[in-house]
J.: 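Please read through the structure below; I'll follow up with questions.
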Amino acid sequence: QQVAERLTNIRAELDGAIAILTMNRPKALNALNDQTLEELDRIFTCLEREESILGVIITGEGKGFVAGADISQMQSYKSEEGRNYANRAQALFNKIEALEKPVIAAVNGYALGGGCELSMSCDIRIASEKAVFGQPEANLGVIPCFGGTQRLPRLVGTGIAKELIYTGRQVKAEEAKSIGLVNKVVPAESLLDEAKAMLRTILEKAPMAIRYSKVAINRGMDVDMRAGLELEKDLAAITFGTEDKQEGMDAFLGKRPAVFHNR
Ligand code: CO8
């Protein structure tokens, strides 16, 4: 609550156990300036600690989700400042990706450059029909460096990632879905409801099963198959030791709904 009150570029609201973060600097299509990065960082530090918040949705106000890093701020940067900026944003996006709670990007409009990269640090992307994705950095003489050269090929494959990064071509929602960049395309007016509905479905499951699935998938993408399978085994063993595992299996066999307690 205290964090939410001190924000200027992001609106943070609670809907039950779901935190809804709305990027809210519509005059600049929610471009990521220093202040916005700092606010996102503060929010995610809080989300890591706050046990009553179980899932997160990130969306944008106006016609932008996030139209990238703030170009007016970067205009004067030279090599070292560019590296520092990339370093800072990468650390933040890693933190978002590593949050042990499900995070959905509800992409309402332009998700370009750092905005596309922000959406890719979330677990799942739901796009409104108005959403537009792209990595236009080459137009500006730089490369995607908030994780785009790494996360985009992991999501869509190297061939399409290279095409999008080399050409800077913008991709509308339906095409983004066809290449695997987004999970689902929905009408603009139902975007937030759809994101909440998917998150609620996830939150009905055993929380530790979701958390360890996320850890297994994310860490698994960074290591070879053998190491990933070892990790999967270890995390599975942890879930087999939980009360929620017993509840889930007892409930199935007892033909009743499970009630999970995150234990
Ligand atoms: N940064 C700063 N301001 C922006 C940005 C941005 N990324 N995007 C839009 N704005 C501003 C515009 O300047 C404009 O401001 P003003 O009203 O004061 O002129 C306002 O938002 C509205 O934008 P437009 O008038 O351009 O709106 P349109 O509907 O005509 O166009 C577009 C929308 C197509 C989204 C267009 O605004 C655009 O192309 N924006 C830039 C997109 C872009 O290139 N993003 C990538 C930035 S680079 C990045 O994210 C990664 C950086 C990696 C390097 C970092 C290391 C240093």
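When a ligand or atom number is given, it counts from 1 through the structure's own listing order.
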J.: Does Lys255 have any side-chain hydrogen bond (donor to acceptor under 3.5 Å, both in side chains) partners at least two apart in sequence or in another chain, and if so, which?
T.: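 side-chain hydrogen bond (donor to acceptor under 3.5 Å, both in side chains) list for Lys255, sorted by chain: empty.
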J.: Taking atom types as modelled, is there a side-chain donor on Glu61 or Asn30 under 3.5 Å from an acceptor on the other?
T.: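 No, because no side-chain N or O of Glu61 sits under 3.5 Å from a partner of the opposite role on Asn30.
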J.: Side-chain polar contacts of residues 214-225 - donor-acceptor pairs under 3.5 angstrom, sequence neighbours left out - could you list them?
T.:
{"unit_1": "Lys214", "atom_1": "NZ", "unit_2": "Glu97", "atom_2": "O", "d": "3.4"}
{"unit_1": "Lys214", "atom_1": "NZ", "unit_2": "Leu99", "atom_2": "O", "d": "2.7"}
{"unit_1": "Lys214", "atom_1": "NZ", "unit_2": "Lys101", "atom_2": "O", "d": "2.9"}
{"unit_1": "Lys214", "atom_1": "NZ", "unit_2": "Asp123", "atom_2": "OD1", "d": "3.2"}
{"unit_1": "Lys214", "atom_1": "NZ", "unit_2": "Asp123", "atom_2": "OD2", "d": "2.9"}
{"unit_1": "Asn218", "atom_1": "ND2", "unit_2": "Glu97", "atom_2": "O", "d": "3.1"}
{"unit_1": "Asp224", "atom_1": "OD1", "unit_2": "Arg226", "atom_2": "N", "d": "3.2"}
{"unit_1": "Asp224", "atom_1": "OD1", "unit_2": "Ala227", "atom_2": "N", "d": "2.8"}

J.: Extract all N/O-N/O pairs under 3.5 Å that connect ligand 1 to the protein, and present each with both atom names and the distance rounded to 0.1 Å.
T.:
{"unit_1": "ligand 1", "atom_1": "1 (N)", "unit_2": "Ala69", "atom_2": "O", "d": "3.4"}
{"unit_1": "ligand 1", "atom_1": "1 (N)", "unit_2": "Ile71", "atom_2": "N", "d": "2.9"}
{"unit_1": "ligand 1", "atom_1": "7 (N)", "unit_2": "Ala67", "atom_2": "O", "d": "2.9"}
{"unit_1": "ligand 1", "atom_1": "7 (N)", "unit_2": "Ala69", "atom_2": "O", "d": "2.9"}
{"unit_1": "ligand 1", "atom_1": "21 (O)", "unit_2": "Lys27", "atom_2": "O", "d": "3.3"}
{"unit_1": "ligand 1", "atom_1": "29 (O)", "unit_2": "Lys63", "atom_2": "NZ", "d": "2.6"}
{"unit_1": "ligand 1", "atom_1": "45 (N)", "unit_2": "Ala67", "atom_2": "O", "d": "3.0"}
{"unit_1": "ligand 1", "atom_1": "50 (O)", "unit_2": "Ala69", "atom_2": "N", "d": "2.7"}
{"unit_1": "ligand 1", "atom_1": "50 (O)", "unit_2": "Gly114", "atom_2": "N", "d": "2.8"}

J.: Just to verify, what does Gln170 make a side-chain hydrogen bond (donor to acceptor under 3.5 Å, both in side chains) with, not counting sequence neighbours?
T.: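 For Gln170, no residue satisfies side-chain hydrogen bond (donor to acceptor under 3.5 Å, both in side chains) once neighbours in sequence are set aside.
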J.: Counting C-beta onward and ignoring hydrogens, is there a side-chain heavy-atom pair between Arg83 and Lys78 closer than 4.5 Å?
T.: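 No, too far: nothing below the 4.5 Å cut-off.
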J.: Please lay out, stage by stage, how Thr36 and Asn33 fare under the test side-chain hydrogen bond (donor to acceptor under 3.5 Å, both in side chains).
T.: CA-CA 5 Å; Thr36 311; Asn33 62 359; 2.5 Å; yes
